[in-house]
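Report on the structure given below.
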Amino acid sequence: MPGKYALGLLSTVILSACASKPLYETQDIHFILPCKSDTAACMAQMESACAQAKGRVQSRNISQEEVPVVQVICRPPAKPKTEDDAE
């Protein structure tokens, strides 16, 4: 039995070591759009909105609910740090 717990602990440590950075950052923009028609067109619209924000698409997803929902996570460029940020 102790081997079972050690294996669980070991796998937790290994998996946590794989996470090099957080999935989301505070400045990320989350675009979510219920899409009643063409999901590819909705996805293109969300990616275009990200490009207009001068951002980079971090992830995209289409979830199948009552109506398909298109989700895009957009990361805008980093803002230059000011002296106020150092405090």
Side-chain angles (χ1 to χ4, degrees):
M1 233 18 169
K4 188 182 232 182
Y5 295 112
L7 182 60
L9 178 61
L10 179 62
S11 63
T12 301
V13 170
I14 290 171
L15 291 175
S16 64
C18 293
S20 60
K21 59 183 178 177
L23 182 60
Y24 303 117
E25 291 188 8
T26 56
Q27 74 269 15
D28 285 355
I29 304 168
H30 297 251
F31 294 105
I32 301 172
L33 177 68
C35 188
K36 295 180 182 177
S37 58
D38 183 14
T39 55
C42 292
M43 183 65 74
Q45 181 182 358
M46 297 291 96
E47 290 175 351
S48 175
C50 181
Q52 287 177 357
K54 295 182 175 47
R56 216 177 61 212
V57 173
Q58 295 297 305
S59 71
R60 55 182 65 84
N61 183 41
I62 299 173
S63 60
Q64 297 296 328
E65 298 178 19
E66 289 180 25
V67 174
V69 177
V70 176
Q71 303 171 2
V72 171
I73 298 172
C74 177
R75 184 161 299 157
K79 294 181 181 177
K81 292 190 176 194
T82 63
E83 290 180 18
D84 294 336
D85 293 337
E87 295 176 6

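Residues take their numbers from the sequence shown, with the count starting at 1.
Gln71 and Ser63 make their closest contact through NE2-OG, 3.8 Å (heavy atoms, listed as atom of the first residue, atom of the second, distance). In plain terms, the two heavy atoms of Cys35 and Val67 that are nearest each other are O-CG1, 3.4 Å. Contact between Cys74 and Phe31 at its shortest, heavy atoms only, is CB-CE1, 3.7 Å. What you find for Met46 and Ile32 is that their closest heavy atoms are SD-N, 4.3 Å. Contact record, Ile62 with Val70: CG1-CG2, 4.3 Å, taken as the closest heavy-atom pair.
Connection of Val72 to Leu33 is established within a shared hydrophobic cluster, with ILVMFWY side chains joined at heavy-atom distances below 4.5 Å, either directly or through further cluster members.
Annotation: side chain of Gln45 is not in contact with side chain of Glu47 (no heavy-atom distance under 4.5 Å). The side-chain heavy atoms of Arg75 and Gln27, taken from C-beta on, include a pair separated by under 4.5 Å.
Note that OG of Ser59 is 8.0 Å distant from NE2 of His30, once rounded to the nearest 0.5 Å.
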